[in-house]
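The structure follows.
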2 protein chains.
Amino acid sequence: MQTKLDARSATPLYLQLEALLREALAAQTWKAGEALPPERALAEQFGVSRLTLRKALERLEAQGLVRRRQGSGTYVAPRLEQPLSLLTGFSEDMRARGLEPGTRWLKRGLFTATPEEVLALSLSPGEKVARLERVRSAQGEPVAVERAALPAHRLPQPEQVQDSLYAYLEARGLRPARALQRLRAVAASRQEAELLGLRSGEPLLYIERLSYLADGSVLEFTRSHYRGDRYDFVAELLGKQ
Amino acid sequence: MQTKLDARSATPLYLQLEALLREALAAQTWKAGEALPPERALAEQFGVSRLTLRKALERLEAQGLVRRRQGSGTYVAPRLEQPLSLLTGFSEDMRARGLEPGTRWLKRGLFTATPEEVLALSLSPGEKVARLERVRSAQGEPVAVERAALPAHRLPQPEQVQDSLYAYLEARGLRPARALQRLRAVAASRQEAELLGLRSGEPLLYIERLSYLADGSVLEFTRSHYRGDRYDFVAELLGKQ
DNA sequence: AGCTATTATACCACTTGCATACCATTATAG
DNA sequence: CTATAATGGTATGCAAGTGGTATAATAGCT
């Protein structure tokens with residue numbers, strides 16, 4: 001255990017400081033999510049310049065131990081959050097797997113809602129929905145057929161969506177807070193088989209997703225058919241207390 | 001437990017307030033569906049400005065803990081998130097859906113681990129595993145083929161397991177803390193088709209599950225094939241921040 | 001000389017928290 | 001049905017504090 005800094009030591013000050021701070025963090029000196037003292041105070045407390053302290057903090061930030069927000073403060077990083085079971089769209093999902101996503105549009109516009117869409121999106125009969133239908137691919141290979149429907153007032157100009165629907169929505173302040181997904185195995189219909197380059201009857205992973213905004217309203221109703229041989233869905237479950 | 005706000009703390013007030021309110025919500029201070037006091041009253045009660053209080057409420061709303069309706073009030077969000085994405089076994093899962101689970105045993109005993117099991121369970125080659133293979137049914141209809149493997153020292157007498165493996169483990173203090181599942185659509189093999197009363201080639205939902213104890217060690221490695229036409233897997237996803 | 005570590009200083013951009021006023025929506029009394 | 005009150009939503013301004021950055025200077029080392 002290192003208790004203080006030694007300016008004459010061969011190891012640079014900022015490395016000694018980094019070790020000191022790491023110990024303090026491990027010792028729960030500050031609770032998770034709580035802010036550390038400001039840089040200027042910490043620097044004075046340890047008797048070093050602010051830039052030296054910042055060098056140590058930068059290394060701790062790179063290691064994921066603290067988070068810094070300009071204008072706000074430096075915070076103890078929250079406990080390891082679930083990298084899985086986070087809500088992502090296809091494009092993001094594929095990039096996370098190191099694959100390049102692609103899109104071939106089948107339909108993109110405003111249509112009258114089907115009874116199923118009326119039910120899922122809590123609309124009034126006859127209301128319009130923005131419908132986005134496309135074949136999604138990874139590394140040029142078709143992977144899934146995706147049919148998304150949103151209330152028309154959420155997406156008045158669906159033809160503006162380019163690649164990632166979620167990125168487009170995010171840019172307009174529409175960020176889903178949670179989603180419910182139902183997964184089932186189904187046999188490929190003739191149409192789906194053709195779009196995905198399979199024979200009909202081959203197994204597909206059918207995923208039905210309802211995304212909700214923070215206020216509880218439904219943002220998106222999406223039905224996707226993924227090739228069984230090209231796609232894994234990963235879920236993390238938590239035990240009961 | 002945080003009992004009051006500290007204006008001199010480096011942690012911003014609205015974050016402290018958010019934590020306070022989250023505790024109050026968890027402590028059932030207000031009933032589900034009930035309205036919280038109006039913003040102006042809450043702000044005065046906590047001794048902060050209304051905008052600071054609103055900042056805390058905004059974060060709680062984004063987390064789905066409260067719902068706000070202009071002109072009406074701020075309400076405790078109904079709790080429907082926990083029951084999902086919780087780790088359950090087949091028996092419990094089926095009962096939750098109002099179906100009576102059943103079991104037909106195919107294999108139940110101690111065997112030498114296969115290479116795949118050695119890898120998944122982090123065993124040494126040649127070590128023994130408890131293997132449980134069975135056809136699971138709901139309302140008398142076969143629904144899935146389930147093949148579970150556990151390190152032999154966790155389950156030395158596998159023949160004692162009756163219906164629910166999870167209930168048996170629970171009674172012995174073995175409670176999984178988390179699990180990773182991979183889901184894929186596959187075509188039924190001849191063997192699986194026969195066991196489930198299908199034709200081979202029909203779509204099945206293949207689920208691979210690794211359950212972990214709180215100390216990080218692997219408790220169980222289970223591979224299941226569910227009938228695509230009889231089983232939905234439901235997952236809840238959370239938005240980013 | 002050239003490099004690195006360290007310090008000192010100043011400034012910038014952003015966040016926080018407050019005060020005030022007003023708007024939009026909803027509930028309710030009459 | 002309407003008018004009113006109460007609620008959440010928004011906009012502005014302000015001051016203090018925070019992390020982010022640039023520049024220059026000093027010391028020690030190779």
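Chain identifiers are assigned alphabetically (A, B, ...) following the order of the sequence lines, protein sequences preceding nucleic acid strands; residue numbering begins at 1 within each chain. It should be emphasised that the depicted structure is a prediction, and the values quoted were computed from it without experimental measurement.
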For this session: Please state how far atom CD in B/Glu58 lies from atom C1' in D/dT10, giving the value in whole angstrom units.
Result: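 In whole Å, D/dT10 C1' and B/Glu58 CD are 11 Å from each other.
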For this session: Look at B/Arg175 together with B/Glu170 and state whether they make a salt bridge at an N to O cut-off of under 4.0 Å.
Result: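 A salt bridge links B/Arg175 with B/Glu170.
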For this session: Report the residues that fulfil salt bridge (charged side-chain N to carboxylate O under 4.0 Å, His left out) with A/Arg54, sequence neighbours left out, ordered by chain and then residue number.
Result: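 A/Arg54 satisfies salt bridge (charged side-chain N to carboxylate O under 4.0 Å, His left out) with A/Glu39 only.
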Exercise. Residues two or more places apart in sequence or in another chain: which of them pass side-chain contact (heavy atoms from CB on, under 4.5 Å) with B/Ala167?
Worked result: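 B/Ser164.
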Problem set entry | Atom pair distance, as rounded to whole Å: OH in B/Tyr75 and C1' in D/dA6 |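 About 11 Å, once rounded to whole Å.
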For this session: Ignoring hydrogens and angles, answer whether the base of D/dG8 and the side-chain atoms of B/Arg54 contain a donor-acceptor pair closer than 3.5 Å.
Result: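 No.
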Exercise. Does A/Glu116 have any salt bridge (charged side-chain N to carboxylate O under 4.0 Å, His left out) partners at least two apart in sequence or in another chain, and if so, which?
Worked result: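 Per chain and number, A/Glu116 pairs via salt bridge (charged side-chain N to carboxylate O under 4.0 Å, His left out) with A/Arg223.
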For this session: Measure from CG on A/Leu57 to P on D/dT21 and round the result to the nearest Å.
Result: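 So the CG-P distance, A/Leu57 to D/dT21, works out to 13 Å.
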Exercise. Is a donor-acceptor contact shorter than 3.5 angstrom present between the side chain of B/Arg40 and the base of D/dG8?
Worked result: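 Pair found.
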For this session: Considering only heavy atoms of chain B and a distance under 4.0 Å, specify the first and last nucleotide of DNA chain C in 5' to 3' order that meet this criterion.
Result: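 Taking any atom under 4.0 Å from a heavy atom of chain B, the span is C/dT16 to C/dA27.
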Problem set entry | salt bridge (charged side-chain N to carboxylate O under 4.0 Å, His left out) involving A/Arg40 - partner list, sequence neighbours excluded |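 Salt bridge (charged side-chain N to carboxylate O under 4.0 Å, His left out) list for A/Arg40, sorted by chain: empty.
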Problem set entry | Distance-only donor-acceptor check, side chains A/Gln16 and A/Tyr14, under 3.5 Å |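 Absent: no donor and acceptor within the cut-off.
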Identify all pairs in which a protein N or O lies below 3.5 Å from an N or O of nucleotides 11-17 of chain D, and state each distance.
unit_1	atom_1	unit_2	atom_2	d
D/dG17	N2	A/Gly71	O	3.1

Exercise. Can you name the residues that form a salt bridge (charged side-chain N to carboxylate O under 4.0 Å, His left out) with B/Asp232, not counting sequence neighbours?
Worked result: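 Result, salt bridge (charged side-chain N to carboxylate O under 4.0 Å, His left out) vs B/Asp232: A/Arg182, A/Arg184.
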For this session: For A/Leu13 and D/dA27, give me the distance from atom CG to atom P, rounded to whole Å.
Result: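 Taking atom P of D/dA27 as the reference, CG of A/Leu13 is at 16 Å.
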Exercise. Could you give the CD-to-P distance, from B/Glu44 to D/dA6, as a whole number of Å?
Worked result: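 Roughly 15 Å, once rounded to whole Å.
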For this session: Output all residues satisfying side-chain contact (heavy atoms from CB on, under 4.5 Å) with A/Arg22, sequence neighbours left out; order by chain, then residue number.
Result: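 A/Arg22 satisfies side-chain contact (heavy atoms from CB on, under 4.5 Å) with A/Glu18, A/Leu60, A/Gln63, A/Leu65 once adjacent residues are dropped.
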Exercise. Reckon A/Thr74 has a side-chain N or O less than 4.0 Å from the OP1 or OP2 of D/dT18?
Worked result: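 Negative; the distance criterion is not met.
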Exercise. To the nearest angstrom, how far is A/Glu39 atom CD from D/dG19 atom P?
Worked result: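 My rounded result for the distance is 5 Å.
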Exercise. Starting at CZ of A/Arg50 and ending at C1' of D/dG20, how long is that distance when rounded to a whole Å?
Worked result: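 Rounded to whole Å, this separation is 7 Å.
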Problem set entry | B/Thr29: partners by side-chain hydrogen bond (donor to acceptor under 3.5 Å, both in side chains), with sequence neighbours left out |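 Result, side-chain hydrogen bond (donor to acceptor under 3.5 Å, both in side chains) vs B/Thr29: none returned.
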